[in-house]
Structure formats: structure tokens, C-alpha cells
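Protein chains get the first letters and strands the later ones, always in sequence-line order, with residue 1 at the start of each. As the structure is a computational prediction, the values presented were derived from the model and not from experiment.
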Amino acid sequence: MIDLTGLNDQQKEAVLTTDGPLLILAGAGSGKTRVLTYRIGYLLDSGLSKPSSILAVTFTNKAAEEMKSRVRELLMSSDLSSLVDEVRWVGTFHSICVKILKQYGGAIGIDSNFTIVDTQDQQSFIKIALDNCGLSSKEFNPKSILAHISSAKSNLIDPGEYQKNAVEYFHSVVAKIYSEYQGLLKKNNSLDFDDLIFTTVKLLKEHHKVLENLQNNFKYIMVDEYQDTNHSQYVLISLLANKYRNICCVGDDDQSIYAFRGANISNILNFEKDYPDSKVIKLEQNYRSTKKILQASYSVISKNVKRKDKKLWTQNEEGDDVVIYKSYDEVDEANWVVSKIKEMRDRSVKLSSIAVLYRTNSQSRSIEESFLKSAIPYRIVGGLRFYERKEIKDIIAYLRFVYNPNDVTSMIRVVNVPRRGIGDKSLEKALALSNSLGVSFGEMLLSQESFVGIPDKVLEFGLLYKDLVVNLSKMCLKDYIEFVIERTGYLKMLDDGSLESPMRIENLKELITVGSKYSTGTAKQNLGDFLEEVSLLEGVGEQRSDRQNEDCVTLMTIHSSKGLEFDIVFLVGMEENLFPHSNAIISESEMEEERRLAYVAITRAKKKLFMTCVHQRRYFGKIQRNSVSRFITDINPSIVKIIDFYDSDIENEEVSVISDKEESQFSKKFILKPGQKVRHSYFGVGVVIKSDFESVTIDFGGDIGNKDLILEYAKLELLD
DNA sequence: TGAGAACAATTTTTT
DNA sequence: ATTGTTCTCA
Ligand SMILES: Nc1ncnc2c1ncn2[C@@H]1O[C@H](COP(=O)(O)OP(=O)(O)OP(=O)(O)O)[C@@H](O)[C@H]1O
């Protein structure tokens with residue numbers, strides 16, 4: 001039995017409103033995901049639906065994972081554990097579309113063993129496309145072209161239509177490349193991320209049978225984080241829901257943070273127009289955070305002008321002040337965070353209840369280094385992604401070529417890795433041969449005896465390929481991956497005693513671990529599923545067995561933290577130009593998105609929130625100074641406690657906190673004249689060069705030289 | 001063909 | 001600052 005007593009009245013209503021269109025519009029931590037989870041549980045428990053008739057989608061892997069695990073937990077504790085494995089249609093938009101395309105894609109000429117190309121592959125294809133069109137990739141930035149194509153695809157615009165709409169010269173170039181690019185993908189039996197959705201929509205629109213089939217199957221559809229859907233995803237959902245109209249969308253317009261990749265808030269704002277018979281439920285009680293954290297989040301989000309005001313309340317306790325640490329540089333910042341975490345660990349706080357969040361992936365570097373030194377276990381989500389690492393991509397390329405003898409792209413990637421003396425010339429010759437004979441490159445290698453004119457070195461590679469193919473059905477996937485790494489000479493190549501080699505070998509071991517999940521059946525049977533999992537980037541690298549269950553701190557971008565919650569959150573790099581990011585500051589709408597992002601970040605915290613900013617930070621190897629983020633100064637000072645870096649060496653930092661307004665007010669009154677001698681507690685004695693109301697430049701002489709300080713925080717002592 | 005030099009890009013966020 | 005990409009020459 002599903003126990004609904006853990007829900008408030010509105011939540012209960014949302015769970016029990018099973019039929020007809022339903023929109024749940026609610027702020028952070030108000031239990032939206034909880035409602036979805038219980039709704040799934042209730043649908044199953046009441047017998048209203050079979051597990052396979054429920055479709056629940058969201059946008060990020062992390063959020064999908066969260067939803068899956070919450071559903072599993074609920075079912076396990078409600079005597080419904082037998083159904084857990086049957087709830088199959090819970091996942092990201094992309095993974096759902098892959099499932100649909102694998103099954104029905106044939107109708108529009110999609111081979112069921114298609115590969116999904118990642119960003120790097122996409123860029124190579126664009127470069128080739130440019131080349132084929134006689135255009136230079138110097139003149140036309142491949143990234144920019146890709147961005148245009150991607151946005152076209154999320155709006156369901158195909159190359160032909162794009163061409164028609166093109167006004168500027170650049171657009172017509174994009175149109176040409178777009179068309180060429182699609183041709184290349186097709187030839188390689190590949191789809192990119194945007195294609196997964198676009199193609200599925202096309203399939204549903206063009207093949208009524210398939211659409212009907214799926215419409216009949218998905219009796220209940222639920223979408224989490226609906227504010228993040230783009231046009232193509234919106235159309236997809238509308239199509240699927242059009243029969244039963246039992247569609248439940250959940251979201252929060254204040255948490256829309258993916259507009260940069262085409263997400264459209266009007267999808268959620270227009271829900272009531274799309275479904276005039278819909279019911280709208282608002283949830284206003286926050287169950288996650290303390291009063292102070294909630295207040296901080298409100299003072300940030302309420303500054304957005306293009307926003308429907310909604311206010312959350314909570315019965316949770318007042319909680320502690322938001323602690324702000326102003327550090328010297330990113331190393332100091334990281335060390336401070338780690339030292340705080342150490343203190344907490346010593347007070348037996350669970351590390352898994354702690355998260356460090358940042359705006360950009362690059363910030364994880366300094367934090368990670370500090371963690372490594374301190375030996376505190378941590379886990380980085382996303383970032384320099386596992387699957388993007390060269391060694392992983394290389395082995396995957398071998399596997400793909402084995403799986404699909406047509407996959408020339410993968411073959412080209414590894415044919416000479418490690419070095420086999422196969423250069424452009426030999427390769428071109430061999431490729432031309434297979435092309436002219438109309439056989440796949442793989443087939444040609446396998447029956448090489450029957451072909452003349454293959455270069456010697458390529459023949460040798462062919463023997464290796466043959467061996468790989470033959471062994472595919474002889475062992476399980478885990479052993480097979482190991483075999484490939486060994487047999488191709490890849491391991492030997494890596495093991496060259498260089499600095500990175502142990503790390504790379506470690507990564508390959510991790511890949512083998514991912515493969516070990518497929519323990520039943522041969523590699524031949526599982527390779528397809530494995531490759532699909534890997535290309536959907538579903539948390540590879542986090543599945544490492546030794547890390548999975550270990551109690552460790554989570555490091556991730558704010559974007560990937562959406563939908564999650566932690567007792568303790570550290571928000572690092574709270575500086576102007578970093579967060580809000582410099583690229584966003586010029587545009588009003590992007591600025592609002594940054595602010596929503598800050599709102600998401602703050603509302604991840606349940607009990608304690610720390611924010612840090614630095615005095616100076618290395619950026620492209622250069623030192624940059626930025627002022628404190630507006631998202632810090634927007635918070636009501638009465639719930640904030642500030643700690644400055646030069647005090648932190650002193651034993652008890654709590655004592656030296658400047659929290660009274662009087663004190664900071666007082667220091668603000670100083671207007672320093674050039675030539676004034678001052679003493680700074682960190683840099684020592686110096687001479688003022690120039691000063692205004694807020695900041696001061698001081699020459700400390702020697703190695704330190706000129707420093708720009710913020711008057712308010714640099715507690716300066718005047719000397720005569 | 002491969003090694004090394006010269007050069008360019010990288011750091012906004014995800015699938 | 002670091003890493004990857006392209007160019008040049010032996
Ligand atoms: N009625 C309730 N009673 C007790 N706890 C609740 C209740 N509703 C939600 N919670 C708790 O509040 C927290 C936030 O819930 P949930 O993650 O579902 O919110 P959300 O609205 O999805 O948040 P977000 O918008 O940030 O994703 C969870 O820890 C959940 O267990």
C-alpha cells in the first residue's frame with residue numbers, strides 16, 4: 001500500500017488527480033518530485049496502470065537517476081517491489097527516444113544499431129562538411145555553425161526549411177553545411193543528440209501506426225522539470241499525450257536554467273492554454289530548507305523583473321546564517337572549503353550530505369587538488385567527462401568498429417593508435433578500394449584474401465580486426481573489453497612510464513567495470529546495449545564500484561545539481577564575471593537566467609549554506625580580480641556572516657567575523673588620500689596610490705607590489 | 001610517416 | 001597554464 005500521509009493536502013490532490021491534464025507549478029523544495037514519485041506509486045498501487053504504461057521523463061541524467069531511485073525506494077517500502085523492474089519508461093528525453101527509435105526507427109530508415117555522436121564527433125563532421133563544400137573552418141567557426149544547427153533541430157527545422165528561411169549569407173552557409181552534415185551522419189549510421197528527439201518526432205508525425213501504438217501504450221505521462229523542455233521535446237510530449245491526455249507536468253519557472261540550449265519557458269506558462277481542461281496545483285510549502293536559506297533564495301530571485309512572484313514558506317527551523325568566506329585566491333578558497341569539511345567529518349557529519357557547487361566546470365580543478373591533498377573522498381559529477389577522455393574514446397572506437405563494420409569514423413580514429421605505420425596514403429587507398437567495391441571496410445578486412453591492392457600495413461590491421469571479431473562471441477563483455485585493450489597493443493602504448501599513464505590505465509579499468517555490469521551472456525549479445533549506454537553518457541565514471549557506495553563529498557556544477565538536495569552546500573566562486581558569468585552580464589535575459597541559477601544553487605541546501613569568493617583568480621593563466629558577486633550582496637545582511645581570508649589563520653575565526661553593520665559602515669567612511677601610509681594585516685605596510693569610495697590601490701613594495709583592495713573588507717590601519 | 005615546432009583554443013551551463 | 005591541433009621537415 002502506498003501511504004499518502006506523508007503528503008500535504010495539495011500534494012495529495014496532485015497525486016489523486018490521475019486523469020486529465022495536470023500542471024504542478026511550484027517553487028524549489030516544495031515536493032514536486034515527491035509528488036511525481038507518489039503519483040507513480042499510486043497509479044500502480046491502485047491498479048489504474050500497468051508499470052509499462054507509465055512514461056516519466058526529465059531532462060538531465062542526474063534528475064532521471066534521482067527520480068528512478070526515489071520510485072524504487074517508494075515501491076520497495078510499499079509491498080510493490082515486484083514492479084520495480086517493470087517501470088521501464090523512466091528516463092531522460094534522450095534515452096526514451098533512443099528506446100523508441102531502436103524499436104520503431106526502421107520505418108523512417110533508421111538502422112537499429114545506430115551510433116550516437118558526441119560533441120567532438122559533431123565538430124569533426126562539421127569540419128569535414130565545410131571541407132566538402134570548399135569552405136574553410138577558419139572562416140566559419142565550426143562551433144558556431146553547430147550551435148545554429150542544434151538550435152534549428154530543437155525547433156524541428158530541417159535543412160530544406162532552414163535554407164528557405166535563410167536571409168543572411170551566414171545562414172545560407174549554415175543551411176548548406178547542415179544538409180551536408182546530415183548526409184555525413186546518415187552515411188555513418190549516426191545521430192546526434194538533437195536528432196534523437198527530432199527524428200522521433202518525425203517518426204511519430206509521419207507514421208501514424210507508430211504514433212497510435214505509442215499513444216495507446218502510454219496511458220499516463222509525467223514530465224519533471226517541464227520548464228527546461230525545448231520546442232521539440234514539447235511537441236514530442238504533446239504527440240504522445242494526445243490520446244489519453246493524462247499528462248502531468250511539473251516545474252518551476254524560477255528554475256528555468258536551460259534557455260541557453262533552447263529550453264522555452266512558455267511551454268510551462270502556456271500549459272493552461274494548450275489544455276483548457278487542465279487543473280493547476282500550486283505548492284507553496286517548502287520542506288527542504290531552513291527559514292534563513294529560504295529567505296536568502298528569495299532575496300536573490302525576487303530581483304528578477306520578468307517573473308511571476310511566488311513566495312514559499314516553511315515550518316522548518318530558523319537555521320544558521322549564510323556564511324560567506326572571502327578568500328585570497330582559488331587555492332585558499334579550496335583549502336578553506338576542505339578544512340571546513342574536515343571539521344565536519346570530525347564531528348561525524350556524513351560526507352554524502354555535503355556538496356560543493358560551482359558555475360563552471362573548470363573551477364573543479366583547484367577544489368579537486370585540495371581534496372586530493374586532504375585525502376577526503378570526493379566524487380566529481382560531469383566536468384572533464386569520463387567518456388570524453390581520449391583513452392576511453394579510443395577503446396570505444398575499437399568496440400564500435402567491431403560492432404558495426406560500417407563505422408569508418410571509429411575505424412579512422414584508431415587504425416593508427418597505437419602506431420601501426422598506417423598513414424593518410426595507405427588509408428585512403430584502402431578506403432577507396434572498399435568504396436569502389438561497395439563493401440564495408442570491416443567486411444573487406446575480414447575477407448582480405450579476396451581483395452587485391454590493400455596496403456600491407458592495412459592487411460596487418462585486418463588480421464587484428466579479425467581476431468577482435470572472432471573473439472566477440474567467446475567471452476563475456478568485461479573480459480572482452482580487457483581483451484581489446486590488451487590485444488590492440490593499447491595497454492602497452494599507455495604503459496610508457498609517463499606521468500599520466502597510471503591515471504589513464506585507471507580509467508580503462510573503470511571502463512571494464514562498467515562492462516562488468518553485463519554479466520550474463522557473451523560480449524556479442526551485450527555490446528550493443530553497452531555502447532548505447534556509453535553514448536548516452538549515463539553516469540559512466542560514477543559507477544566505479546569502489547566509489548559508488550563510499551561516503552564522499554559531491555562536486556558538481558550548479559546545473560547538474562538541479563533537483564538534488566544536500567544538508568550542507570558550499571557555493572564557490574561567487575564573483576562578478578564568474579557568477580554571474582561575464583558572457584551573461586551584457587544581456588538582460590541571460591542575466592535573469594544567471595539569477596535563476598543562483599536561486600537553484602541556494603535552494604539545494606537543507607541546513608547550512610556557505611558561499612565563497614576570491615580576491616584574485618587565475619584565468620587563462622592570467623590573474624584576474626573581480627568584485628563580490630551581486631548574488632551575495634543581494635542577500636539581506638542580517639542573515640549573513642562574513643569571514644575574511646586574512647583572519648582565517650587566527651585560531652577562532654568566529655571571533656573575528658565582521659558581522660555588525662556598524663563595523664563595515666565604519667570602514668566605509670575612510671577615504672584614503674594618495675601617499676597615506678597604511679598597515680594591512682596580511683600584506684604589511686604600504687603606501688596608498690589611489691582610492692575611491694569602494695576600493696583602494698596600495699603599493700606594498702617588494703614582491704607584493706601594487707594591490708587593489710576593497711576598502712570595506714581590507715581592514716587597514718592608518719600610519720602617519 | 002613521425003617527431004617536434006608553432007600555433008590556437010580553452011572556461012558557461014547538458015544531452 | 002595547459003592541452004590539443006596543424007604545419008614543417010627529415
Ligand atoms: N509533505 C511532505 N512532508 C515531509 N517532507 C516533504 C514533504 N514534501 C516534500 N518533502 C521533502 O522536501 C524535500 C524536497 O522535495 P522535492 O525534492 O520533491 O522538491 P522539489 O519541488 O522537486 O524540489 P526542486 O524544485 O528543488 O527539484 C525532500 O526532501 C522531500 O522529502
Contact under 4.0 Å: [X] side-chain N or O vs [N] OP1/OP2:
X: A/His94; N: B/dT15; value: no
X: A/Arg419; N: B/dA3; value: yes
X: A/Lys143; N: B/dT10; value: yes

Report which part of the nucleic acid [X] touches: base, sugar-phosphate, or nothing (heavy-atom distance under 4.0 Å, all strands).
X: A/Lys562; result: nothing
X: A/Ser560; result: sugar-phosphate
X: A/Asp228; result: nothing
X: A/Lys425; result: sugar-phosphate

Name the closest nucleotide to the [X] side chain, picking from [options].
X: A/Ser426; options: B/dT1, B/dT11, B/dT14; value: B/dT1
X: A/Thr557; options: B/dT15, B/dT11, B/dT14; value: B/dT14
X: A/Arg359; options: B/dT15, B/dT13, C/dT6; value: B/dT13
X: A/Arg261; options: B/dT11, B/dT12, B/dT15; value: B/dT15
X: A/Asn583; options: B/dT13, C/dT6, B/dT12; value: B/dT12
X: A/Phe620; options: C/dT6, B/dT11, B/dT14; value: B/dT11

Close side-chain approach of A/Arg625 and A/Gln616, heavy atoms under 4.5 Å
yes
Figure out the [atom1]/[atom2] separation between [X] and [N], and round it to whole Å.
X: A/Ile586; N: B/dT12; atom1: CD1; atom2: P; value: 12 Å
X: A/Glu369; N: C/dA1; atom1: CD; atom2: P; value: 14 Å
X: A/Leu555; N: B/dT13; atom1: CG; atom2: P; value: 15 Å
X: A/Leu196; N: B/dT14; atom1: CG; atom2: P; value: 18 Å
X: A/Arg365; N: B/dT12; atom1: CZ; atom2: P; value: 15 Å
X: A/Gln123; N: B/dA8; atom1: CD; atom2: P; value: 17 Å
X: A/Asn361; N: B/dT13; atom1: CG; atom2: C1'; value: 8 Å
X: A/Asn577; N: B/dT12; atom1: CG; atom2: P; value: 12 Å

A/Tyr258 ring over B/dT14 six-membered base ring, under 5.5 Å and 30°:
no
Can A/Glu575 and A/Arg617 be counted as an ion pair, charged N to O under 4.0 angstrom?
yes
Please confirm whether [X] and [Y] have ring centers closer than 6.0 angstrom.
X: A/Phe260; Y: A/His559; value: yes
X: A/His148; Y: A/Tyr162; value: no
X: A/Phe59; Y: A/Tyr258; value: yes

For A/Asp194 and A/Gly423, take the nucleotide of DNA chain B holding the closest heavy atom to each; which residue's nucleotide lies nearer the 5' end?
A/Gly423
Does A/Lys102 make a cation-pi contact with A/Phe114, if we ask for NZ or CZ under 6.0 Å from the ring centre and within 45° of the axis?
yes
